[in-house]
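Dropping a structure here in structure tokens format, bear with me for questions.
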Amino acid sequence: MDSIAEIFNKQREFFRTAETRPLECRKQKLLALRKAITLHEAEICKALSEDLKKSSFESYVTEIAMVLQEISFMLSNMHRYLQPKRVRAPITQFPSSCRVYKEPYGNVLIISPWNYPFHLAMVPLVGAIACGNCAIVKPSEYSPATTKVIQKMIQSIYPSSFVDVIQGGVETAQCLLDKPFDMIFFTGSTTVGKIVLEKAAKHLTPVVLELGGKCPCIVDETANIKLAAKRIAWGKCLNAGQTCVAPDYLLVHSSIKHSLIDEIQKNITLFYTEHPENHPDYPAIISDRHYQRLTSLLRTEHVIWGGHQNQKERKISPALVDKVSWEDPLMQEEIFGPLLPILSFENLSSVVMEVSKKSKPLALYLFTTSKTNKKIVVHNCSFGGGCINDVIVHLASDKLPFGGVGESGMGRYHGIASLDAFSHSKGILHKSNLLDIPFRYPPYEDKLRLVKKFLK
Ligand code: NAD
């Protein structure tokens with residue numbers, strides 16, 4: 001097996017051959033990837049079941065389909081979007097024309113986490129390939145079965161000089177981060193995101209950081225309670241709450257709190273029976289460390305429903321936790337598991353104030369039928385993105401940029417945003433040789449007066 005340095009150098013050389021430049025070549029690479037994913041579908045599902053006990057349905061919908069959709073988007077849009085784009089030239093530079101050229105960065109590093117181990121390694125890779133880059137992917141060491149399939153699949157269709165997958169943990173990631181990549185795309189925790197940014201600064205490498213945080217879910221008194229409860233229950237149970245954009249905690253108007261809680265319980269029971277921890281469709285917690293972390297957070301007398309444990313399977317049923325305050329341990333860090341703290345409020349402006357005091361979340365959700373309340377929240381809270389009257393699904397739109405702000409990250413991707421993320425926009429002004437207006441050349445004499453009239 002080649003060392004990191006060998007693969008990095010090989011990719012550098014390969015990128016310089018300009019073989020990744022023609023759009024047709026990128027298209028062929030994406031078609032090969034689509035074919036390989038379809039061929040490996042059963043293996044990918046098996047690996048996701050091994051790593052996280054995900055059902056085939058959840059694996060297909062939240063992991064495989066997301067990658068296939070991104071490939072389809074690129075195949076239909078990249079030709080148009082990556083063409084040099086003519087923009088208006090300034091009159092002061094007459095006669096000239098201006099164009100923006102989208103050029104690949106070159107050698108890209110993609111580091112991904114374990115919670116959607118296929119989706120989060122592959123969707124960025126699709127963007128990197130569409131833009132004409134070479135890439136090294138370092139998936140998480142905590143989802144080893146999926147990492148193995150990704151490596152096998154990629155190595156079966158691409159030469160290592162174009163795209164390669166490197167297995168390993170922190171040490172491997174740090175070793176990769178020491179290399180002067182042309183761009184780094186990192187998905188993971190805020191703590192590690194800061195390390196990545198520090199390492200990237202050494203080589204002035206541009207980065208996209210897709211990080212985490214606590215995503216609030218607000219339900220006001222005008223909301224459709226039944227639908228809100230069903231959608232919240234779905235979003236919190238998906239991947240057993242191990243979703244970066246899962247509703248982390250509930251902020252519910254006190255007048256509807258009890259009916260909302262009742263409905264959430266009913267829906268979870270409908271989805272997974274009264275014992276989700278024994279249900280085959282309900283995913284497991286990734287590791288013993290996370291299982292211990294979550295069960296110790298459950299040691300509070302305010303669990304009003306759920307929280308049953310199946311240690312053998314490492315599953316915890318969704319737990320509703322009432323009478324939570326902003327100071328509770330549950331409210332200090334991203335939960336990243338199936339625990340749902342519930343806080344109530346009397347007026348929305350106090351909620352907006354509290355949420356604005358915290359780190360800017362990756363996502364925020366509001367359930368309401370009030371246009372005024374929607375305006376108040378969307379215009380006054382800063383967050384990566386979100387939904388009104390739903391959770392999580394904003395990330396399924398290739399027209400919406402996906403990414404965080406502040407502590408939840410920087411940069412964005414998905415669809416067109418990926419084409420921007422993985423390429424440099426190079427502006428070129430092409431001056432005509434037919435005419436050369438002498439105005440800008442010295443001696444300046446009284447030209448300043450004229451300039452001031454003209455340039456304002
Ligand atoms: P993590 O930050 O621990 O690990 C992510 C990746 O970084 C892994 O590949 C890991 O090997 C590597 N890594 C870990 N420590 C490192 C170090 N010191 N130096 C260099 N690399 C290192 O995150 P995780 O536990 O795998 O994933 C959970 C986190 O990811 C949560 O905070 C979640 O919100 C976030 N996340 C964000 C998104 C998003 O799209 N914004 C998506 C999924 C998960």
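Order of listing sets the numbers, starting from 1, for every ligand and every atom in it. The figures that follow rest on heavy atoms only: side chains count, while hydrogens, waters and symmetry mates do not.
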Note to self: Could you measure the distance from the NZ atom of Lys29 to the CG atom of Leu33? Nearest 0.5 Å is fine.
What the structure shows: 11.5 Å
Checklist line | Lys199 to Phe181 six-membered ring, cation-pi geometry met (6.0 Å, 45°) | finding: no
Notebook entry, point to check: Just how far is it from atom CD1 of Ile64 to atom CD1 of Ile44, taken to the nearest 0.5 Å?
Noted result: 4.5 Å
Check: Does anything in residues 315-344 pair up under ring-ring contact (aromatic ring centres under 6.0 Å, His included), and if so which pairs, sequence neighbours excluded?
Finding: Trp114-Phe336, Tyr249-Trp326
Next item on the list: Could you tell me whether Arg12 and Asp182 make a salt bridge, using a distance below 4.0 angstrom between a side-chain N and a carboxylate O?
Entry: yes
Margin query: Please report the interatomic distance CD(Glu274) to CH2(Trp305), rounded to the nearest 0.5 Å.
Written below: 7.5 Å
Note to self: For a quick check: using heavy atoms under 4.0 Å, what are the residues in contact with ligand 1, sorted by chain and number?
What the structure shows: Ile111, Ser112, Pro113, Trp114, Asn115, Leu120, Lys138, Pro139, Ser140, Glu141, Val170, Ala173, Gln174, Leu177, Phe186, Thr187, Gly188, Ser189, Val192, Ile195, Glu210, Leu211, Gly212, Cys244, Glu334, Phe336, Leu362, Phe402
